[in-house]
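A short write-up of the structure that comes next.
Whatever order the structure lists them in is the order used to number ligands and atoms, beginning at 1.
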Amino acid sequence: MAQLSLGNGEPNDATPFLPEQRNLKTLREAAAGCKGCHLWRHATQTVFGEGLKRSTVMFVGEQPGDQEDRQGRPFVGPAGRELDRALEVVGISREDVYITNVVKHFKFEERGRRRIHQTPKRFEIDACRPWLDEELRIVSPEALVLLGATAAKALLGSSFRLTQHRGELLNSDIASIVTATIHPSAILRAADEEARIEQRESFAEDLRVVAQALA
Ligand code: URA
Ligand code: SF4
């Protein structure tokens, strides 16, 4: 397939970087060298999904954050701790879970010594999509949980409104159980402790829907 380009000479498609033999190990290794879009230039490393092929639940976030970029693992920073906490509350074991992101490199803006997350653009999401499609195909999870509007729109279409449909069991041919909820980083941005507790509880409630659908 011809490599899509943005017209500035920068490629915009991960497809040429996909390995011939595709399993989670070969994909992860190949993704480490992906230069399918411009995002690899500034980030530390590719953050590929993590979890076993036999995982029953797949979580899809937006893109790695600062900690994830440094450690090379998804959801290991503050948002990951919120996710872990909610998983524990509803009794989903992290061992049964495959966790990944729609975009595999951290996109950020430098402000002094801080690296501020930037929402990936549609063309970056499209470029990175082949990795996610392979993860979905190989893991073929029973339940798919989309964390935040970016992941939800990427997989359910740009007209999807998270505010209207969060926590619902959605009809989709991607998996038998599909739902979308807030991104756990929204909990961290809560204005005060009361709001934070409320967000935490409603996030866990959305995951409980999945736990119950699986049971
Ligand atoms: N936010 C995400 O969407 N993904 C991560 O891996 C970490 C934070
Ligand atoms: Fe490749 Fe995705 Fe990284 Fe772009 S963001 S370089 S497509 S892994």
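With Val145 as reference, Val57 is the one residue of Val209, Ile92, Val57 to meet the side-chain contact (heavy atoms from CB on, under 4.5 Å) rule.
Heavy atoms only, all atoms of each residue included: Thr179 and Glu168 are closest at OG1-O, 2.7 Å. The nearest pair of heavy atoms linking Val102 to Ala154 is CG1-CB, 3.9 Å. The two residues Arg122 and Ser158 come nearest to each other via the heavy atoms NH1-CB, 4.3 Å.
The residues lining ligand 2, counting any heavy atom closer than 4.0 Å, are Ala14, Cys34, Gly36, Cys37, Leu39, Trp40, Val103, Lys104, His105, Ala127, Cys128, Trp131.
When heavy-atom distances to ligand 1 are checked against a 4.0 Å cut-off, Glu62 comes that close through both its backbone and its side chain.
Listed by atom number, the atoms of ligand 1 under 4.0 Å from Gly65 heavy atoms are 7 (C). For ligand 1, the atoms sitting less than 4.0 Å from at least one non-hydrogen atom of Gly61 are 3 (O), numbered in the order shown with element in parentheses.
In this structure, atom 3 (O) of ligand 1 lies nearest to the protein heavy atom His183 NE2, 2.6 Å. Among protein heavy atoms, the minimum distance from atom 4 (N) of ligand 1 is reached at Asn101 OD1, 2.7 Å. Of all protein heavy atoms, the one closest to atom 5 (C) of ligand 1 is Gln63 O, 3.4 Å.
Remark: aromatic rings of Phe203 and His183 are distant, center separation not under 6.0 Å.
Note on ring orientation: taking the six-membered ring where Trp is involved, the planes of His38 and Phe123 are parallel (angle under 30°, cut-offs 30° and 60°).
Considering backbone and side-chain atoms alike, Phe75 places an N or O below 3.5 Å from some N or O of ligand 1.
In this structure, the separation between CD on Glu134 and OG1 on Thr15 is 9.0 Å, given to the nearest 0.5 Å.
For CD of Glu198, the number of neighbouring non-hydrogen atoms (other residues, nucleotides, ligands) closer than 6.0 Å is 12 at most. Atom CZ of Arg73 has 12 or fewer heavy atoms from other residues, nucleotides or ligands within 6.0 Å.
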